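Proteins come first, then strands; the chains are lettered A, B, ... in the order of their sequence lines, and each starts at number 1. Note that the structure is a prediction, hence the values are computed from the model and not measured.
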Protein chains: 2
Amino acid sequence: MLTRKKEFIELSSSLPDIWKMLTDVERDQLRSNARIVHYKKNELIYLEEEEPKDLMCLFKGKVKIFKSGVGGRSQIIRIIRPVQYFGYRAYFAREPYVTAASAFEACTVCLIPMEIFENFLRHNGDLALFFIQLLSVDLGIADQRVVNLTQKHVRGRLAESLLFLKESYGLEEDGATINIYLAREDLANLSNMTTSNAIRTLSNFVNEHIITIDGRKIKIIDEERLHKISRIG
Amino acid sequence: MLTRKKEFIELSSSLPDIWKMLTDVERDQLRSNARIVHYKKNELIYLEEEEPKDLMCLFKGKVKIFKSGVGGRSQIIRIIRPVQYFGYRAYFAREPYVTAASAFEACTVCLIPMEIFENFLRHNGDLALFFIQLLSVDLGIADQRVVNLTQKHVRGRLAESLLFLKESYGLEEDGATINIYLAREDLANLSNMTTSNAIRTLSNFVNEHIITIDGRKIKIIDEERLHKISRIG
DNA sequence: CTAGAACTATGTTCTAAAACACAAATATAA
DNA sequence: TTATATTTGTGTTTTAGAACATAGTTCTAG
């Protein structure tokens, strides 16, 4: 009972965006249907081809949304940080997932059954417009990404990814180290290149005093250079 | 007056998807605020950086949505056919257009002021869910496109584009010729390759008896091969 | 704590596709 | 119509980045 109560409290304070748009009735319904699930590092959250059932909200941790392409080669499509919603696109498009999601690190996720949520949307204009906005922003990012990934060269793509990771997950206390622990392979999949190329280009950046690396920890030394490299492609 | 009346008739029959979801009041409001605009072949409909003002619905013609990338290189992001909606994403994302739109051929477009339409959405759950679905489908296509454009080789990308054009605009009376008149450059920009490569690969397809070309008219001879080439990348 | 697996690093080779160059064919405008 | 611009076609050169090979290093599961 105590645990259950704890989850109630989490819900109201952890869904800041949508909670304030809901009516009391909707809030009750949400309380009694939302589930909190924990995922271990590298655990899969959902798979390609699966049926979407829940709107997911990341309370804690870091998630990657990815897709396997030609010859099973994986491409990271987007990354999720707290508090962001994910996993709902496929449901609204009335299709199975075309992506998969997995936890970069231990995660806490709130699952809300889509049927219930769709009903909220149908009767709550503010909530509907909020999700229209989320989808619109993501679609704009996807459009931009098509151009960046296809037209920029390896250096530009990697520089962009590093800046993107910094924007998404922020920096550690030193004000320079990117606050995520990523394998070179993930960095490569995010930047559309081979792992070798990610490693090599990272080394080049170190030699050019743009970053320093300590294992998987990446410290940004010259952010302006990174921006420039990203811009010129 | 007669012309004006004609436009009223067009509206109710030309917006099949949304018209049936609207209340009488909304319909009246739509009638008095929607405008019909004609665009000449190759005319620009909106530009990157511009402020989005209207929801657009293509009644007649063909439209390309494109984006200029590194070094001004253009990338076609999506193509629009009658009756599809476009131009609304940026407004909902509360940002200027990140793409531009132009007419492949002479077009008739219906413009609906976004402020009015947003109000409809806020009070009409079905309409809101309809647009949530449109955005969700487009976002799924964009995600798929990232993988296709970055991982497939030139042949696979061109094959995919030809099939995509066939799906979008259909075939002429002969049941084989793709019903669109595209410059090689546009075909290249759609497939993320140089014009030279589009021309060369098209020639290869002709030699392999997969298609025939007569100027800009492309006839599909062996669709199964195209599917196969697209699939294996 | 240890063994095996996974990750990181770097050098070498190979290839797809871009860049370039030019000619021929079409389209567009004066 | 003729002249000019644009588009199409093809051969050649160059290069970015993939593929491969191999070794050292770091995880991690039992």
Under 4.0 angstrom, heavy atoms only, what part of the nucleic acid is A:S203 near: base, sugar-phosphate, or nothing? sugar-phosphate
Does A:N197 put a side-chain nitrogen or oxygen below 4.0 Å from OP1 or OP2 of D:dA16? no
Within the side chain of B:K64, is there an N or O that forms a donor-acceptor pair under 3.5 Å with the backbone of B:R78? no
Base, sugar-phosphate, or nothing for A:R73, non-hydrogen atoms under 4.0 angstrom? nothing
Value for CD1 (A:I211) from NZ (A:K219), rounded to nearest 0.5 Å, stands at 12.0 Å
N/O (side chain, A:Y181) to phosphate O (OP1/OP2, C:dC7) under 4.0 Å: no
Do you know the tightest heavy-atom contact between B:R231 and B:E224? NH2-OE2, 3.8 Å
With DNA chain D as reference, determine whether B:R200 or B:A183 sits nearer its 5' end, using the nearest nucleotide of each. B:A183
The residue, B:S196 or A:N192, whose nearest nucleotide of DNA chain D is more 5′ is B:S196
A:N192 and A:R145: side-chain donor and acceptor closer than 3.5 Å? no
For A:H153 and for A:E185, locate the closest nucleotide of DNA chain C by heavy-atom distance; then report the residue assigned to the nucleotide nearer the 5' terminus. A:E185
Select from B:K41 and B:V154 the residue whose nearest nucleotide in DNA chain C is closer to the 5' end of that strand. B:V154
Report which part of the nucleic acid A:R216 touches: base, sugar-phosphate, or nothing (heavy-atom distance under 4.0 Å, all strands). sugar-phosphate
